[in-house]
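One structure below.
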Amino acid sequence: MIYLPDGVQDFLPEEYRVKRKIEEKFREVFIKFGYQEIMPPTFEYSDNFSVLFDENNLYRFFDKKGNILALRPDVTTQIARIVSTKLKGSFPLKLCYVANVYRYDDPQVGKMREFTQAGIELIGTNHEESDAEIIAVAIEALKSIGIEDFKVDVGQVEFFKRVVEDLELQNEEINLLREFLQQKNQSAIEEFIEDKGIRGKKAEFLSELPLLFGGEEVLKRAKELYDTPKLGETIDYLERVYKILKDFGMEEYISFDLGMVQNLNYYTGIIFRCFVKGIGYAICTGGRYDGLLGIFGEHIPATGFAISVERSMLALQKEKKDIIDKSWRVLIKYKENLRSNAYKKATLLRDEGKIVEMYSYEKAKHVDENSFDEIIDMGE
């Protein structure tokens, strides 16, 4: 009874103050960009999620009627359902959220089974301005909490799709290759190419893919390598997005990773991840998902991202940043016949934004006065 299951944690008062402050900062940035906050339910019918998520990664349970329900593993899927069924016809639509999600993954460093995501969804547009805006908001959100040394790696799911579409691979083999690309495991990819008997241009494309990361020169190299019309258009699109971000003065945060793949299969176009120096996992992930709303009946383009609040806390610890403004703490000691006056004084000070604790003379003997910035004695 005194232990917790794997993948969950308690937040003690000081930790929780930091967490709440980060959430407030993110929410403030989202709202200033025109995004309206939304809150879906914590659980829904399991079928709403199992079309996209492995059922083994869902927390599922039965209600009294025998329906199979699941805790949400993702908020974007819920927003797709809401827009498709309740918010049709008014686009573009800008929505944001701060919510806990639940995934039965293997716990790792920085990876929990219950965690908080702060994110936005821009629904109803499919042009470079909307993708650039999404990336810009992610950058502004991270800057708002004081994170400075980070990069946004931008990729495109089309590269991986185009390379594997003609290879006649099984799903298990595609997932294995996806894993090698995520790890940038060049030797494993070379062995995979040899083992599967991949030859010619396809072998060249595949072996080069994990090496296509870096600055703007990556796009030029990709144009030389991937000279098909479809991928040429894809690279042109990335260049237009990058030009907009340069106009925003954000080029220092942008790099490209054309071998990037995402675990969530609903992405259809540009994808990105934010990495903070010294932390080996993404703090934020996002991208375009033009096919997701179609699952719920409305074929509407959309793009968005989610930031992990807990990973943001780790990033701030790594950069030794403190975002909590120290509140002025006041102790009021009082004689019992002056309790009414003491409370009135405390109310005035609280209205000024100060933290005020009241103790009678007898109780105040057991209080650590050194933890207060100001002591008011109402014994007279």
Atom pair [atom1]/[atom2] of [X] and [Y] - distance to nearest 0.5 Å:
| X | Y | atom1 | atom2 | value |
| --- | --- | --- | --- | --- |
| Ile79 | Leu95 | CD1 | CG | 5.5 Å |
| Leu69 | Arg60 | CG | CZ | 11.0 Å |
| Asn56 | Asp105 | CG | CG | 11.0 Å |
| Phe159 | Leu206 | CZ | CG | 13.5 Å |
| Phe213 | Lys184 | CZ | NZ | 6.5 Å |
| Ile82 | Phe296 | CD1 | CZ | 10.0 Å |

Do [X] and [Y] get their side chains close enough for a donor-acceptor pair, meaning under 3.5 Å?
| X | Y | result |
| --- | --- | --- |
| Glu55 | Ser46 | no |
| Thr77 | Asp74 | yes |
| Tyr59 | Glu114 | no |
| Asp54 | Tyr104 | no |

[X] with [Y], same ILVMFWY side-chain cluster at under 4.5 Å:
| X | Y | value |
| --- | --- | --- |
| Leu316 | Tyr16 | yes |
| Phe180 | Phe160 | yes |
| Leu258 | Ile193 | yes |
| Leu58 | Val51 | yes |
| Tyr237 | Ile235 | yes |

Measure from the side-chain N and O atoms of [X] to the backbone N and O of [Y], and report whether any donor-acceptor pair falls under 3.5 Å.
| X | Y | answer |
| --- | --- | --- |
| Lys321 | Gly146 | yes |
| Arg311 | Ala282 | yes |
| Ser84 | Arg81 | no |
| Arg103 | Asn57 | no |
| Asp153 | Phe272 | no |
| Lys223 | Leu231 | no |
| Glu352 | Lys354 | no |
| Arg72 | Ala99 | no |

For a quick test of reading the model, state the closest non-hydrogen atom pair linking Gln78 to Pro41 and the distance between them.
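In terms of heavy atoms, the two residues are closest at NE2-O, 2.8 Å.
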Measure the shortest side-chain to side-chain distance between Ser207 and Glu190 over non-hydrogen atoms and say whether it is less than 4.5 angstrom.
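Yes; the side chains approach each other to less than 4.5 Å.
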Apply side-chain contact (heavy atoms from CB on, under 4.5 Å) to residues Val137 and Glu133 and explain how you reach the verdict.
CA-CA 6 Å; Val137 176; Glu133 177 177 318; 4.1 Å; yes
Distance under 6.0 Å and angle within 45° of ring axis: Lys333 vs Tyr359
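No, Lys333 does not lie over the aromatic ring of Tyr359.
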Step-by-step side-chain contact (heavy atoms from CB on, under 4.5 Å) determination, Phe192 to Ile198:
CA-CA 9 Å; Phe192 184 93; Ile198 302 170; 4.3 Å; yes
Within a radius of less than 6.0 Å around [atom1] of [X], do more than 12 heavy atoms belonging to other residues, nucleotides or ligands occur?
| X | atom1 | answer |
| --- | --- | --- |
| Glu251 | CD | yes |
| Tyr45 | OH | no |
| Gln170 | CD | no |

Stepwise side-chain contact (heavy atoms from CB on, under 4.5 Å) check, Thr116 with Glu310:
CA-CA 7 Å; Thr116 306; Glu310 287 83 356; 3.4 Å; yes
Stepwise, does the side-chain contact (heavy atoms from CB on, under 4.5 Å) test hold for Glu216 with Lys246?
CA-CA 11 Å; Glu216 192 176 4; Lys246 284 175 70 176; 4.2 Å; yes
Should the pair Phe26 and Phe30 be assigned to parallel (<30°), tilted (30 to 60°) or perpendicular (>60°) ring geometry?
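If you compare the ring of Phe26 with that of Phe30, the planes turn out parallel.
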